[in-house]
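Working notes for the structure below.
A note on names: the letters A, B, ... follow the listed sequences, proteins ahead of strands, and every chain is numbered from 1.
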Amino acid sequence: MNTEGNEIFADKKSGFKKLIFPGCVLMIYGIAVVISPVGAAMAFRSSTGILLNLMVPLGLVFTLMVFMNLFLKPTHIVRFLGKGSSSRGIILSAAAGIISMGPIYAWYPLLKELRKNGAANSLIAVFLGNRAVKPFLLPVMISYFGLMYVALLTLFTVSGSLAAGYLVNTLAKD
Amino acid sequence: MKIAVSSDSSNLNARVALRFGISPYLIIVDPETMEFEAIPNPGAAGKQAAGVQAVVVAISKEVDTVLTGYCSPTAVKYLADNGIDVVTGLKGTVAEAVAQYRKQACTIPARRMDKPDFAGAALLHALKRSGMQIVNLLPIFVGVVLLIGLFKAFISIDLLPSIFSGNALLDTLLGTGLGSILAGNPLNSYVIGGEMLEQGVSLFAMTAFITAWVTIGLVQLPAEMAALGKKFALIRNALSMVLCMVISILTVLTYYTVSGSN
């Protein structure tokens, strides 16, 4: 019988799954060391170079995450999404999408429930579209692509999500 | 104030259900007036994520306290994260449980989640949570970085530019396709995107790739269809694909115009 306890089991299972990919990459490294030790050393140096370059941006990412976890609770986000399909509701849904964290599948049960309680399709679509904007990852993004590019991409992504909300609402009417 | 009580039936005289996550009903009671609302628990069948569904009901109804017989540690954690107290070990009817709670007579073994009672506790909690989030994304992130190292050392630098022709439309389409089938933390897409640029791939392709990575979820499509309906999920993802290409082209063209580069 499936009960609440399964969630903990599922967490452990997904934790193990996350190690499969890096484990496979390490195995390829093992093979590379045997076939071409020089190439493997080059690959490792290149990877550590990338990691070192990302240390400072990742430190900023952690700081932003702490602030968001300190001041934003999932309940705030849920309440944002519950407000009708007025322009205020759309803005709040966009904000909820931007500040939401964690994998999308963790949000599906919540979105399903909100939709059942009357949240409009447009709000759900706007929320999902705005999950593309990750404020806490901006330091990494800027370090790679520059401030102007990131600002433009963010602006167009938010605008695109609003368009998606409108179109989904029109096309997915039951 | 609102109290949610797990219940076997839909009235105040019903017995308190033993397990919060799979109780047939959640009775939302105002302890002052004893007005109540009986909500069928979507997770009552005990299928997957039963506990989460009851938690969602409690959060969306903005309750302050949950009274129940037993609540799993995971559900307690979710509720506590949302500022909801949990009192377990309750028996008798729903009305009796509420009365007991009001009189502070819950001398039965109770589990009450303490809200942070000093400023540092909230910060400690946020630090711990953020640390866990970083630790969770590290394995895949490190795997991606190690893979990029292998790619740079062993694969010809001409490979990527040979796939991405430099044609803005074609590159955008290819970048969107590639980003749509891959999924995961956006952090990984930035690292891969940065590497694509370094290898000579166009900004159109890279922008489409990182945009599609987060807005289109072909891997998660079955889960989205199950949660939000087939029609909604298919329309949203198809639209996102088109919009992803539009966003990428507009972003890059504006960037080139504003920065004066090409």
Look at [options] and state which one has the largest set of heavy-atom pairs under 4.5 Å with chain A.
{"options": "Gly229(B), Gly143(B), Ser240(B)", "result": "Gly143(B)"}
{"options": "Leu243(B), Ile235(B), Leu150(B), Thr215(B)", "result": "Leu150(B)"}
{"options": "Ile210(B), Thr211(B), Ile148(B), Thr254(B)", "result": "Thr254(B)"}
{"options": "Leu138(B), Leu197(B), Val142(B), Leu203(B)", "result": "Leu203(B)"}
{"options": "Val214(B), Val144(B), Val191(B)", "result": "Val191(B)"}

**OP:** Heavy-atom distances under 4.5 Å only: say whether Leu239(B) touches chain A with side chain, backbone, both or neither.
**Re:** side chain
Subject >> chain A contact via Glu224(B) - side chain, backbone, both or neither, heavy atoms under 4.5 Å >> reply: both
Original post:
Highest number of heavy-atom pairs under 4.5 Å with chain B: which of Leu128(A), Leu167(A), Thr157(A)?
Top reply: Leu128(A)
Subject >> Heavy-atom pairs under 4.5 Å with chain B, option from Leu54(A), Leu51(A), Val38(A) with the top count >> reply: Leu51(A)
Decide if atom [atom1] of [X] counts as having more than 12 heavy atoms of other residues, nucleotides or ligands within a radius under 6.0 Å.
{"X": "Phe21(A)", "atom1": "CZ", "result": "yes"}
{"X": "Met1(B)", "atom1": "CE", "result": "yes"}
{"X": "Phe44(A)", "atom1": "CZ", "result": "no"}

Subject >> Any donor-acceptor N or O pair under 3.5 Å, side chains Tyr149(A), Thr207(B) >> reply: yes
Distance in Å, [X] [atom1] paired with [Y] [atom2], rounded so as to fall on 0.5 Å steps:
{"X": "Leu250(B)", "Y": "Leu152(A)", "atom1": "CG", "atom2": "CG", "answer": "10.5 Å"}
{"X": "Ser189(B)", "Y": "Lys134(A)", "atom1": "OG", "atom2": "NZ", "answer": "10.5 Å"}
{"X": "Phe145(A)", "Y": "Thr251(B)", "atom1": "CZ", "atom2": "OG1", "answer": "12.5 Å"}
{"X": "Phe154(B)", "Y": "Ile28(A)", "atom1": "CZ", "atom2": "CD1", "answer": "10.5 Å"}

Please state whether the side chain, the backbone, both or neither of [X] comes within less than 4.5 Å of a heavy atom of chain B.
{"X": "Leu155(A)", "result": "neither"}
{"X": "Val133(A)", "result": "neither"}
{"X": "Ser36(A)", "result": "both"}

Subject >> Sidechain-backbone polar pair: Ser46(A) side chain, Gly149(B) backbone, donor-acceptor under 3.5 Å >> reply: no
Of all heavy-atom pairs between [X] and [Y], which one has the smallest distance, and what is that distance?
{"X": "Ala153(B)", "Y": "Gly39(A)", "answer": "CB-O, 3.5 Å"}
{"X": "Leu146(B)", "Y": "Ser47(A)", "answer": "CA-OG, 3.3 Å"}
{"X": "Ala126(B)", "Y": "Val66(A)", "answer": "CB-O, 3.7 Å"}
{"X": "Val168(A)", "Y": "Arg236(B)", "answer": "CG2-CA, 3.9 Å"}

Original post:
Does the side chain of Val258(B) come within less than 4.5 Å of Met148(A)'s, by heavy atoms?
Top reply: yes
Original post:
Does the side chain to side chain contact (heavy atoms under 4.5 Å, CB included) test come out yes or no for Val61(A) and Ile134(B), once each step is laid out?
Top reply: CA-CA 9 Å; Val61(A) 166; Ile134(B) 289 278; 4.2 Å; yes
Subject >> Phe156(A)/Val246(B) under side chain to side chain contact (heavy atoms under 4.5 Å, CB included): CA gap, chis, key distance, verdict >> reply: CA-CA 9 Å; Phe156(A) 283 114; Val246(B) 175; over 6 Å; no
Original post:
What's the verdict on side chain to side chain contact (heavy atoms under 4.5 Å, CB included) for Phe136(A) and Leu187(B), showing C-alpha distance, side-chain angles and the deciding distance?
Top reply: CA-CA 10 Å; Phe136(A) 62 93; Leu187(B) 178 64; over 6 Å; no
